[in-house]
There are 2 protein chains.
Amino acid sequence: MKRATIGDVAAHAGVSTATVSRVLNGGAVTATTAAKVWSAVAALEYSPNALTKSIFAGRSRTIGVVIRDLSSPFYLDLIRGIDEVATADDSLVMFANTFRDADREVAHVRTMDEHRVRGLIMTTGESADGRTRRMAESGVPCVIVARTVPDAPPGLHSISLNNIEAGRLMAAHLAACGRSAVGVVTSGRRPSQVERTLGLRLALAERGLPLPPEAVAVAESETGVGAAIDALFARAHERQAPVDAIVCATGRLTVAVHSALTARGLTVPDDIAFLTMDDFPWATALGITVVAQPSYEMGREAAKLVVEQPDESVALVFEPTLVPRTSCGER
Amino acid sequence: MKRATIGDVAAHAGVSTATVSRVLNGGAVTATTAAKVWSAVAALEYSPNALTKSIFAGRSRTIGVVIRDLSSPFYLDLIRGIDEVATADDSLVMFANTFRDADREVAHVRTMDEHRVRGLIMTTGESADGRTRRMAESGVPCVIVARTVPDAPPGLHSISLNNIEAGRLMAAHLAACGRSAVGVVTSGRRPSQVERTLGLRLALAERGLPLPPEAVAVAESETGVGAAIDALFARAHERQAPVDAIVCATGRLTVAVHSALTARGLTVPDDIAFLTMDDFPWATALGITVVAQPSYEMGREAAKLVVEQPDESVALVFEPTLVPRTSCGER
DNA sequence: TTGAAAGCGCTAACAC
DNA sequence: GTGTTAGCGCTTTCAA
């Protein structure tokens, strides 16, 4: 059964399409005509085509969201925050996952652009930056999450965490818990993680504690974590500097690192302290101390930048908080 | 800076809009004209308007997804599965969260319909069923997840778990682990949970084990879990039938129930066995035994129903699997 | 192979 | 108040 169009409604109600449009969008009409139109709408089960509407507006009422990896709890909360603001502004969220693949990233950003999203929020690498800049310049607000953008044009915003401070919080807490030999597991060269490690190293150094490059292990993905940890311990053994704390620089690897530790017979916190990024529902039950980001709030603010369209480029930096539990041997 | 339209490209290339359209969509054109058009496209940074395209197609290349509660791990995997199939079919996912609110549910389904999604996948209550039926009848495949639909018209499909079997698996496992007095925490009257409880009761009865109504506690949300458990234990105490196992009938409450147990000084599995629905990343580390759904696969199949548009109404039922760990005192 | 023109479903001027 | 008309950006006949 074919869908009714505004023309069908008009014919059924015995008025013009313009009048139907006015009734639907709140123009000046008589109560009687309005009634006729509404009953025609009901009779034909008319559902206005939002796509066509968007053509006139030039844009759709849709916020594009491109995420690298939905499985991280951080992104989950981020999306919920975005969805809340979008719904409040009568918008929908268009979502796509890139599975950390640069090609998909570019493709998805292009598709979002072609769908004339009213704004784009993404947690991607730099591969799509060219298009993003152009989108921003042509009036589509873009928000880069978890990364700052150099020389951002108006309309291109960023939302990130004070990662240096996150590292500092970790150092301070570990030191307060009496740990002196810290090892780090990071998933690579993403700026956020590099900065966290840097902040950690800085604040550790201020306390006379070292964080040599050998104490930093890189694991691209969950599967590489075991090997990375083994290598880390081996290097520590060679240097005769056993590690008494492991910091995980990304929430994505929390499970993997924690499992690797216990799989090696290590007890947290007695044998080794464990400290990671991003709070998650099970952290309390497990007693895992974390440095948390206000992920939900960050999602809300990202969506607000899209909805409110500030003239200038804005770079929002959120402050991390340490949530102490028991995994660092807290007293 | 205004966006270039197909007319601008045509003018720039010195051809008609029809020709540009043909070049873009692979019609019959000379190599030379194609080259001219492509260079015009590049020069003007032309990005075709997917919205306008959809008007002709009658539908957009977008799959709508309406979820009750993104925070459940089941839905996360479901979405990832949907996204994968959507991307492979050159589609985007339009997402909305209902926060378990019936009004939002109806509103979101309507908005999705107005956006002319090519199909709709949802995990909602019955409030939007009327519209869903109509959508299905007018050629928009709709897939209801986690619920079966009576008298479904062609185009209205359902994807669910064999919940009776899930309950049976739980009963068998608990019995094998030597537990005989089971208590259940469920979040309410959703059919899936009712069926799981029923399957559990049936299979328990076959083994001569009881599951009286008093042994089933209802907690609408996380916050109600503590009280529900207390009431459950109190009733068991009155009846002088202490409970030696707690079954959580929904993955959404796993954290809350587990926390409530440990908060009451109960050790799992020594004091009490714990068995819940839906696998999750931390389950291994925590040793929690679960009955898992193939959530990712279910998402893929749901999306396939949208993409492949079978003529008949199909009701896919997936089989649960028990993943034994240590929380039931397994040997 | 290419262009002119009609039309997708809707809104926005402009008359009446 | 209401209808007529033009047009949004694109595709698709139908001629040439």
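Numbers restart at 1 for each chain; the letters A, B, ... are given by sequence-line order, proteins then strands.
At a threshold of 4.5 Å between non-hydrogen side-chain atoms, the residues B:Thr62 and A:His115 count as touching. B:Leu316 is not listed as a side-chain neighbour of B:Lys304, based on a closest heavy-atom distance of 4.5 Å or more.
Rounded to whole Å, the distance from CD1 on A:Ile6 to P on C:dC8 is 14 Å. Atom P of nucleotide C:dT11 and atom CG of A:Leu24 are separated by 7 Å, given to the nearest angstrom.
The shortest distance between the side-chain N/O atoms of B:Thr17 and the OP1/OP2 oxygens of C:dG3 is not below 4.0 Å. Between B:Thr30 and the phosphate of C:dT1, there is no side-chain N or O to OP1/OP2 separation shorter than 4.0 Å. The phosphate of C:dT11 (OP1 or OP2) has a side-chain N or O of A:Asn25 nearer than 4.0 angstrom. Contact between the side-chain N/O atoms of A:Thr52 and the OP1/OP2 oxygens of C:dC10 is not found at any separation under 4.0 Å.
Classification of A:Arg147 and A:Asp129 as a salt-bridged pair holds, one side-chain N sitting under 4.0 Å from a carboxylate O. Salt bridge A:Asp113/B:Arg3: present, at least one basic N to carboxylate O contact under 4.0 Å. The pair B:Asp89-B:Arg61 meets the salt-bridge criterion, with a side-chain N (NZ, NE, NH1 or NH2) lying under 4.0 Å from an Asp/Glu carboxylate O. Between B:Arg80 and B:Asp77, at least one side-chain N (NZ, or NE/NH1/NH2) sits under 4.0 Å from a carboxylate O, which counts as a salt bridge.
Defined by atom type and a distance below 3.5 Å, a donor-acceptor pair is present between the side-chain atoms of B:Ser91 and B:Arg118. Between the side chains of B:Arg116 and A:Ser47, at least one donor N or O lies within less than 3.5 Å of an accepting N or O.
Distances from the side chain of A:Lys53 to the nucleotides C:dA12, C:dT11, C:dT1 place C:dT11 closest. Residue B:Phe56 places its side chain closer to C:dG7 than to any other of C:dG3, C:dC10, C:dG7.
With the end axes of the helix from C:dT1-D:dA16 to C:dC16-D:dG1 each set by five pairs, the angle from one to the other reads 40° at 10° resolution.
Toward the 5' end of DNA chain C, the nearer of the two residues A:Asn49 and B:Arg22, judged by each one's closest nucleotide, is B:Arg22.
With a cutoff of under 4.0 Å to any heavy atom of chain A, the contacted region of DNA chain D is bounded 5' to 3' by D:dG1 to D:dC8.
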Intermediate values then yes/no, salt bridge (Lys or Arg N to Asp or Glu O under 4.0 Å), A:Arg110 and A:Glu114: CA-CA 6 Å; A:Arg110 193 193 57 229; A:Glu114 291 181 354; 3.7 Å; yes

